[in-house]
K.L.:
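I have a structure here, written as structure tokens, and I will follow up with some questions on it.
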Amino acid sequence: MDAIILQILNGLDKGSAYALIALGLTLIFGTLGVVNFAHGALFMIGAFCSVTLSKLLNLSFETVDPTQKDFLGNPLKVKTPYVEEWFGPEVGAAIIDWSVPLAILFAIPIMLAVGYVMERGLIKHFYKRPHADQILVTFGLAIVLQEIVKFYFGANPIQTPAPDALSGVATLGGSFGLNISYPVWRLVYIAFSGLLIFGAFAFLQFTTFGMVVRAGMADRETVQLLGIDIDRRFTIMFGIAAAIAGLAGVMYGPINAPNYHMGMDFLVLSFVVVVVGGMGSLPGAVLAGFLLGILEAFASTTWATTTIPGINQIIIYLVAIIVLLTRPRGLMGKKGVMED
């Protein structure tokens with residue numbers, strides 16, 4: 001039982017990233033009808049927002065400390081971060097330690113701006129073009145963004161550690177006779193993903209803005225005839241989708257050190273998640289994200305990889321094939337969407 005629950009937690013961990021990226025992809029496709037292959041790059045940019053804030057908070061100046069000497073007896077030069085000078089050693093050290101959670105506030109306006117510029121500057125010109133054209137141009141944009149990040153940050157992964165208070169291991173299930181040890185930050189990521197997904201659905205379901213967006217997704221022309229600028233609202237939704245992907249990347253940094261190709265690593269799998277869940281279906285994207293994450297976790301066990309070598313690498317694609325052969329529109333997709 002311990003092993004089963006552990007694999008479920010591993011699946012929820014990976015599935016959280018799949019679900020968040022797939023949620024943003026589905027928002028864009030459902031509102032604008034655009035297949036955005038640059039969405040993985042937004043996940044990567046979010047991760048590097050965390051890296052950037054960490055570097056900014058660690059900017060330091062040198063001072064001579066007469067109380068510390070080198071082996072020759074000369075006073076040592078020590079580096080003091082500016083935030084420790086401005087806020088004091090304890091508060092400054094705490095700010096640096098909590099740089100990843102603080103990067104959420106740093107990343108939101110950046111990701112909204114990136115999403116707005118991307119949609120207004122490029123995507124809007126491909127609304128009425130075939131999906132193949134959209135895929136080509138957005139995939140090209142993803143490569144450009146990837147190379148820009150590689151140029152400025154290098155090709156090697158950059159560590160973004162979790163806060164000390166959240167970097168340990170938690171023991172779960174003690175009240176039920178279980179003994180499961182699991183990293184605290186991964187549990188935080190699962191909880192954060194759940195809150196973000198709940199917030200996105202609540203925004204669409206219970207706010208006037210969200211209701212208008214859902215109406216526009218169902219019948220764009222009628223909403224426009226009512227005098228509502230639905231295009232502007234869809235542009236805002238593109239920015240929100242970019243922010244969701246970016247926040248997923250920010251919080252994933254301590255789990256997998258950010259690198260320039262991490263967006264591509266998640267992109268293909270996230271598109272498979274979207275197709276399995278059903279193109280345009282937000283609940284389907286979330287459900288498929290967690291489901292495929294759990295299946296991948298169980299397929300990565302020693303027993304599974306020994307019985308069927310390489311099953312952990314292909315399980316998601318096998319499930320996708322089975323689902324699409326039996327239900328072409330996906331688990332929760334609407335009839336006629338992407339079935340031609």
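The model shown is predicted, which means the values in this text are computed figures rather than measured ones.
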K.L.:
Report yes if some heavy atom in the side chain of L196 is under 4.5 Å from a heavy atom in the side chain of M251; otherwise report no.
P.N.:
no
K.L.:
Suppose clustering is done on Ile, Leu, Val, Met, Phe, Trp and Tyr with side-chain heavy atoms closer than 4.5 Å. Which residues sit in the same group as L195?
P.N.:
none
K.L.:
Are more than 12 heavy atoms from other residues, nucleotides or ligands located less than 6.0 Å from atom CZ of F61?
P.N.:
yes
K.L.:
Over all heavy atoms of both residues, which pair between A245 and L42 is shortest? Give the atoms and the distance, please.
P.N.:
CB-CB, 4.0 Å
K.L.:
Would you please indicate if the ring centroids of Y82 and W86 are separated by under 6.0 Å?
P.N.:
yes
K.L.:
Under 6.0 Å between ring centres: does that hold for F153 and Y260?
P.N.:
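Between F153 and Y260, the centre distance exceeds or equals 6.0 Å.
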K.L.:
Scan the side chains in residues 8-20 for donor-acceptor partners under 3.5 Å anywhere in the protein, sequence neighbours excluded, and list what turns up.
P.N.:
from	atom 1	to	atom 2	distance (Å)
N10	OD1	Y182	OH	3.0
N10	ND2	L6	O	3.4
D13	OD2	R186	NH1	2.2
S16	OG	L12	O	2.5
Y18	OH	E296	OE1	2.7

K.L.:
Do Y317 and L269 make a side-chain contact, defined as non-hydrogen atoms from C-beta onward lying under 4.5 Å apart?
P.N.:
yes
K.L.:
Mind listing the closest non-hydrogen atom pair of G253 and T160 along with its distance?
P.N.:
C-OG1, 3.2 Å
K.L.:
Tell me which one of I104, I110, L102 satisfies side-chain contact (heavy atoms from CB on, under 4.5 Å) with F106.
P.N.:
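Testing F106 for a side-chain contact (heavy atoms from CB on, under 4.5 Å) against I104, I110, L102 leaves exactly one candidate, I110.
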K.L.:
Within a 6.0 Å radius of atom CD on E62, are there more than 12 heavy atoms belonging to other residues, nucleotides or ligands?
P.N.:
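Counting neighbours around CD of E62, more than 12 heavy atoms of other residues, nucleotides or ligands fall under 6.0 Å, so yes.
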K.L.:
Decide if atom CZ of F139 counts as having more than 12 heavy atoms of other residues, nucleotides or ligands within a radius under 6.0 Å.
P.N.:
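Incorrect, the count does not exceed 12.
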K.L.:
Any chance you could measure L59, atom CG, to I96, atom CD1, to the nearest 0.5 Å?
P.N.:
9.5 Å
K.L.:
Treating Ile, Leu, Val, Met, Phe, Trp and Tyr as nodes and any side-chain heavy-atom pair under 4.5 angstrom as an edge, say whether V268 and M44 lie in one connected cluster.
P.N.:
yes
K.L.:
Are Y189 and Y252 side-chain neighbours, meaning at least one heavy-atom pair lies under 4.5 Å?
P.N.:
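A side-chain contact under 4.5 Å exists here.
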K.L.:
Is any side-chain heavy atom of N259 less than 4.5 Å from a side-chain heavy atom of I158?
P.N.:
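No, their side chains stay 4.5 Å or more apart.
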K.L.:
Who passes salt bridge (Lys or Arg N to Asp or Glu O under 4.0 Å) against D164, sequence neighbours left out?
P.N.:
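Result, salt bridge (Lys or Arg N to Asp or Glu O under 4.0 Å) vs D164: none returned.
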K.L.:
Ring centres under 6.0 Å, that's the criterion: do F271 and F37 meet it?
P.N.:
yes
K.L.:
Would you be so kind as to tabulate the donor-acceptor pairs closer than 3.5 Å made by side chains of residues 199-217, with sequence neighbours excluded?
P.N.:
from	atom 1	to	atom 2	distance (Å)
T207	OG1	F203	O	2.4
T207	OG1	G210	N	3.0
R214	NE	L204	O	2.7
R214	NH2	Q205	O	3.4

K.L.:
Any side-chain heavy-atom pair from I294 and Q7 closer than 4.5 angstrom?
P.N.:
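No; the side chains remain at least 4.5 Å from each other.
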K.L.:
Could you pull out the closest heavy-atom pair between L53 and S99, with the gap in Å?
P.N.:
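Heavy atoms only, the tightest pair is CD2-O, 3.5 Å.
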K.L.:
To which residues is L105 joined in a hydrophobic cluster, defined by side-chain heavy-atom contacts under 4.5 Å among Ile, Leu, Val, Met, Phe, Trp and Tyr, whether direct or through other members?
P.N.:
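Grouped by the 4.5 Å side-chain rule, L105 forms a cluster of one, so the answer is none.
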K.L.:
Could you pull out the closest heavy-atom pair between I315 and N312, with the gap in Å?
P.N.:
CG2-O, 3.9 Å
K.L.:
With R220, which residues qualify under salt bridge (Lys or Arg N to Asp or Glu O under 4.0 Å), at least two apart?
P.N.:
D231
K.L.:
Over 60° means perpendicular and under 30° means parallel, so tell me whether F29 and H131 are parallel, tilted or perpendicular.
P.N.:
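Plane angle between 30° and 60°, so tilted.
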K.L.:
A side-chain contact here means heavy atoms from C-beta on lying under 4.5 Å apart; do V286 and L282 qualify?
P.N.:
no
K.L.:
Can you give me the closest heavy-atom contact between D97 and A162, atom names plus distance?
P.N.:
OD1-O, 4.3 Å
K.L.:
So which heavy atom on L247 is nearest to which on A107, and how close?
P.N.:
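Of all heavy-atom pairs spanning L247 and A107, the closest is CD2-CB, 4.4 Å.
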K.L.:
Is there a continuous path of hydrophobic side-chain contacts, each under 4.5 Å between heavy atoms, that joins L318 to F290?
P.N.:
yes
